[in-house]
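Only one structure is covered here, and it is reproduced in the block below.
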Amino acid sequence: MKNLDIGEIIRRWQVHIFLILGLVITMLPFIWMLSTSFKSKEAIFTKTPQIIPKKPTLENYLRIFHIEPEEVRREKGAIGINFWRSFLNSVIVAFTIPIISLFFNSLAAFAFAKYNFAGKDKIFTLLLATMMIPGQMTMIPVFLLLKYLGLLNSYLGLILPAAANVYGIFLIRQFMLTIPEDLIDAARIDGCSDFMIFWKIVLPLCKPVLATLAMFSFMGTWNDFLWPLIVMTSERKYTLTVALANLSGEYTTEYGLLMAGAVIVVLPIIIIYLFAQRYIIESFAHTGLKG
Amino acid sequence: MERKIIRLVNILTFTILSTCFALANETILTVWAMGAEGRKLPEMAKRFEQENPGVKVVVQPIPWGAAHEKLLTAVVGGIPPDVCQLGTTWMSEFYAMEALEPLDEFIQNSKVISKEKYFSGSWNTCVFNGKVYGIPWYVDTRILFYRTDLLKSVGYDHPPRTWDELIDAGKKLTKDLNNDGRIDRWAINLPSGGSGIWTELGFFVWQNDAEFLTEDNKKSLVLTPKFVEAVKFYYDIFNKHKIAPIGAQADIDIFHAFRTGYFCMFVSGPWMIELVSKECAEIEGRWFVSPLWTKDKKSKKYTSFVGGCNLVIFKKSQRKDVAWKFIEFMSRPENQVEWYKLTTDLPAIRSAWYHKYFDDKPMMKAFLKQLEDAKGPPNIPEWEQIAYVIGQKMELIIRENAPIEDTLRILDKEINTILEKYIKPSRIGILLLIGLIMLFVIIFLIFLRKPAAETSFGRSSNIAYLFILPAVCILVVFLFIPIIASFMLSLTNYDIYSIANPQKLVFIGIENYKLLVKDPVFWKSLRNTFLYVFLGVPLNIFIALIVALILNEKFIKLRSFFRAGYFMPVITSLVAVAVIWKWLYDPNFGLINSIITLIGLEPQDWLNSTRLALPSLILMATWKNFGYNMVIFLAGLQAIPESLYEAAAVDGANKGQIVWHITLPGLKPTTLFITITSVIGYFQFFAEPYIMTQGGPMNSTISVVLYMYNQGFKFFKLGFSSATAYVLFSIIFVFTLVQLRFQKTKFY
């Protein structure tokens, strides 16, 4: 470790201060959301906003979990959200979709990265072009399709349309392009079948990009609101975001409750992000960015 | 032993059979209700079930924010519920879709429900062509909330009773109390724009004996002298007498404003009574409510708006008699009172108001009185569109001082255009369209030719088809077919009337595209979208790059902590982000203005200014999304070989030179990837304006996708909205091509 001159040390301190300032800006809304979730309804809108609640209360969380004290329930009424059920629905969907879509996407990506076949570029370009159509546009046709397939109000109705996507294929393919041909040829000489090469050699090498995509896919599914609302025709099948959206009223909203709900929605994503962060940084480093 | 088993089997069979029998006998009634109503309704449903054994009520709560979309898809898909809560202003749309069951026969035989038991304004929202399609469930009207103490201080011991008194009291109330040149006490809070402005404008229009449309709803009446007079009066409130602020409609701070006397009066609905008593406990006894004013002493009209929700039965329902029983149950006066206790929704049936429960609630009397003279908007599906253009024109008049008569003349023309429905199949259009498609195919082919041959490593094998099969199958079914379907729709007049009646669905060629090109709002949205792309993308990438470069420095402590922190905005749900940013941008109490005034700058009304709203949204979007690109940049940085840096250090290069000559060139492929995905993303900019500004003020933040979404899900013009999507697609496509050509780098 070489000695640093004073100027360098000051510069490093400045950079850290700059970073912390930036962090405050990025975290502030989140912190406010967290603190609001511990506020009673009355304490939310004050002229000088309280970052630290004066009288913190767990009431909002207790009400969402349906374990509030009896007198609170009598005064404010049960919020009438099937919390655990919708949490379970979210978990089912948000864990299934990444797994299935990763498999299908990587299988297709493997073909696009490592094989030559007639029409390959055309098919691929066509896929890319679909990214340019606003997703809202296909909502009603897909809804009608699901109806004819009898998949409305089922988990499958959420999972199937998301079981493959162009962005995923594209990203995994970029990554696979960087895997050396020699590795695959060697395996082939050893008598590996095409699928075994994919499964035993290529996929393990792709772990980082798969972790990234899994994270993004989990995040997208977990936060999605409009689509699950439209597909699910009974309250018991609502996902967490849909169920919690009912907390906003037509004219008035209990922000403490709403924020408590938002914190609950965000927490699993934070956990998954922290878990996957290591892989995410690693994965893009290999992602066909060789020019 | 054997006997035992047989008995067991018998018992089992019996139980199973009887359960099946019970299930088969049980009638399931599906009821949709919105937001809080949806959450509270199960309590009433339980009582209904007790009264009607064998009926099971399944309540599905629908969030307000997406109720329109949910109902539309359900009706298009032919799977609506049996009973549904429908806002009074939505009735006409679902009537036009021929989705609702007429209820006249039920009403004739009913002891609970008949026309005279309801407020006439509220009942009229259910009537179309002389038939009744819904029953008012709860009502809602607007009355005046006023500070008794402040009015007294200017010599008024009663609320303003006429227009003149409103102005007179208003002028006396509006003051700059601390002499800093800014008014800090306003007489009243009224909207100065937005598609809801017709409600408040309507007070003055109706009180002046004017109307928005003719009785048959076929022509606009906005040029009649009385209507013009009402608009002039409304304009004067803001610009001549200056007793109400322009902008300032944030619902967030109304309590604070009322408590501190920033607003002495405001007009609002029943839900506010409880809220104001709770949130403004300090001024208890110093405020009251009252029905609205009349035009002058002679006039008897103190008309307000009537809204609320009706209960409807859908035509597709298989259990209409049970559905009707449920509606009757909810309409019984005692149950209406119960419902008020649960939700504070005002009873729609008049007799419920005389229940002793309301005896000690003096403020309710004001609502009861107001309900006797309250009106709904014209009952036509086009009203949302008309309300939208009224909002735009009123904004022009109030904010930009556009000449009133000229602007109303344009408004008159626009309303009449909306009211004339077009069905014009065009032959020349088809030819033009074929030309357009040909052109498109040619561009596409040119694009395809370029990257051939280069990807020729790898094996030729048919097994590749097997590998892409699952993904391609899914994409064909759930992506390609819907895309083609929506393209077909863009060539038809698919709208509210053809949803009801497929025979009205007509192929109209490029008519939608022609209309689109003629709509100035579309051009505005296109201009905004380009601004979003050209300002938003560079800003986003620049910040992402800077932060990534800093976070990549080895000497930074707690790097993964910072990485996580800077990524937080990406993973925070947009609804929460919107609430907080609205508060940050709040003109009166927001953090940004607090900081700005500290430095000595003028506070700004960020989201309400046509100049600042768009940059404000770009700032917010940058904050929200830069973390994503930052992570990709960080990863790209790992890919630059360490040896290059070492060599540069040996050569004595300084920090700046290293970044310029090694890091940035090394990041080129990453940057290209990010640029292309970000450009596509910003071209489809939607969520931020949708949640924060709904495209306003004066369309200054509307994006193409938001425009498309409004056309499709707000106005139900699905064909037209598809056409918008394809125009946007072509623009993005050409843009991406240019980018790729420009960069000359092999992208994929």
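- For a residue to count as touching a neighbouring chain, one of its non-hydrogen atoms must lie under 4.5 Å from one of that chain's; by this rule Ser560(B) touches chain A with backbone and side chain alike.
- If you tally non-hydrogen atom pairs under 4.5 Å between each of Ile62(B), Ile481(B), Leu466(B) and chain A, the highest count goes to Ile62(B).
- For chain A, the nearby part of Leu728(B) is the side chain; its heavy atoms alone come within less than 4.5 Å.
- For Met137(A), the parts sitting under 4.5 Å from any heavy atom of chain B are the backbone and the side chain alike.
- Side-chain contact check for Leu475(B) versus Ile169(A): some heavy-atom pair is nearer than 4.5 Å.
- In this structure, the portions of Val477(B) lying under 4.5 Å from any heavy atom of chain A include both its backbone and its side chain.
- Here the CD1 atom belonging to Ile731(B) is positioned 13.0 Å from the CE atom belonging to Met132(A), to the nearest 0.5 angstrom.
- Only the side chain of Val705(B) has a heavy atom closer than 4.5 Å to any heavy atom of chain A.
- Of the listed residues (Leu149(A), Ile230(A), Val242(A)), the greatest number of heavy-atom pairs within a distance under 4.5 Å of chain B belongs to Ile230(A).
- Residues His16(A) and Phe555(B) are in side-chain contact: their nearest non-hydrogen atoms beyond the backbone lie under 4.5 Å apart.
- Ring geometry, Phe467(B) versus Tyr115(A): the interplanar angle exceeds 60°, so the pair is classed perpendicular (tilted spans 30 to 60°).
- Going from atom OG of Ser721(B) over to atom CD1 of Ile140(A) covers 8.0 Å, rounded to the nearest 0.5 Å.
- Residue contact with chain A, scored on non-hydrogen atoms closer than 4.5 Å, involves the backbone and the side chain of Pro61(B) alike.
- For Phe626(B), the part lying under 4.5 angstrom from a heavy atom of chain A is the side chain only.
- Between Phe729(B) and Ala129(A) the shortest heavy-atom distance is CE1-O, 3.3 Å.
- Counting heavy atoms from C-beta on, the side chains of Met139(A) and Phe713(B) come closer than 4.5 Å.
- Between chain B and the residues Ala108(A), Ser101(A), Gly261(A), the largest count of heavy-atom pairs under 4.5 Å involves Ala108(A).
- Considering every non-hydrogen atom in both Ala118(A) and Tyr465(B), the closest pair reads O-OH, 2.9 Å.
- Taking OG1 from Thr73(B) and CG from Leu226(A), the interatomic distance works out to 8.0 Å, rounded to the nearest 0.5 Å.
- A donor-acceptor distance shorter than 3.5 angstrom exists from the side chain of Gln60(B) to the backbone of Met232(A), with no hydrogens or angles considered.
- Contact of the Leu551(B) side chain with the Leu19(A) side chain is registered, since non-hydrogen atoms from C-beta on lie closer than 4.5 Å.
- Heavy-atom distances place the side chain of Ile680(B), and not its backbone, under 4.5 Å from chain A.
- With sequence neighbours left out, Ile79(B) forms a side-chain contact (heavy atoms from CB on, under 4.5 Å) with Phe143(A), Lys147(A), Leu152(A), Thr233(A).
- Highest contact tally toward chain B, considering only Gly119(A), Gly168(A), Pro141(A), is held by Pro141(A) [criterion: heavy-atom pairs under 4.5 Å].
- Inter-residue side-chain proximity for Ile550(B) and Phe18(A) is flagged as met; some heavy-atom pair is nearer than 4.5 Å.
- Using a 4.5 Å cut-off on side-chain heavy atoms (C-beta onward), Phe561(B) and Leu23(A) make contact.
- Proximity of Phe562(B) to Ile20(A): side-chain heavy atoms (C-beta onward) are separated by under 4.5 Å at one or more points.
- With a threshold of 4.5 angstrom between heavy atoms, Ala74(B) approaches chain A through N, CA, C or O but not through any side-chain atom.
- Separating the CZ atom in Phe117(A) from the CD1 atom in Ile468(B) is a distance of 4.5 Å, to the nearest 0.5 Å.
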> Going through the distances and angles, do Ile133(A) and Phe733(B) end up as a side-chain contact (heavy atoms from CB on, under 4.5 Å)?
Replying inline: CA-CA 9 Å; Ile133(A) 301 266; Phe733(B) 191 79; over 6 Å; no
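- Side-chain contact between Pro161(A) and Ile474(B) is absent, with no heavy-atom pair separated by less than 4.5 Å.
- Proximity to chain B (any heavy atom under 4.5 Å) is shown, for Ala109(A), by neither the backbone nor the side chain.
- The contact between Leu274(A) and chain B is made entirely by side chain atoms (from C-beta outward), counting heavy-atom distances below 4.5 Å.
- Between Arg39(B) atom CZ and Asn82(A) atom CG the span is 13.0 Å, to the nearest 0.5 Å.
- Across Leu144(A), Ile184(A), Asn105(A), Leu244(A), the residue that shares the most heavy-atom pairs under 4.5 angstrom with chain B is Leu144(A).
- The choice from Pro482(B), Gly712(B), Gly681(B) that makes the most heavy-atom pairs within less than 4.5 Å of chain A is Pro482(B).
- Heavy atoms closer than 4.5 Å to chain B are found in the side chain of Tyr238(A), but not in its backbone.
- The contact between Ala485(B) and chain A is made entirely by side chain atoms (from C-beta outward), counting heavy-atom distances below 4.5 Å.
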>> Quick one, Leu229(A) with Lys70(B), criterion side-chain contact (heavy atoms from CB on, under 4.5 Å). Give me CA distance, side-chain angles, the key distance, then yes/no.
In response: CA-CA 7 Å; Leu229(A) 168 69; Lys70(B) 173 81 181 171; 3.9 Å; yes
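- Atom CD1 of Ile25(A) is separated from atom CH2 of Trp623(B) by 11.0 Å, given to the nearest 0.5 angstrom.
- Interface residue Tyr726(B): only side-chain heavy atoms are found under 4.5 Å from chain A.
- Put simply, of Val166(A), Ile123(A), Leu160(A), the one with the most heavy-atom pairs under 4.5 Å next to chain B is Leu160(A).
- Heavy-atom distances place the side chain of Leu145(A), and not its backbone, under 4.5 Å from chain B.
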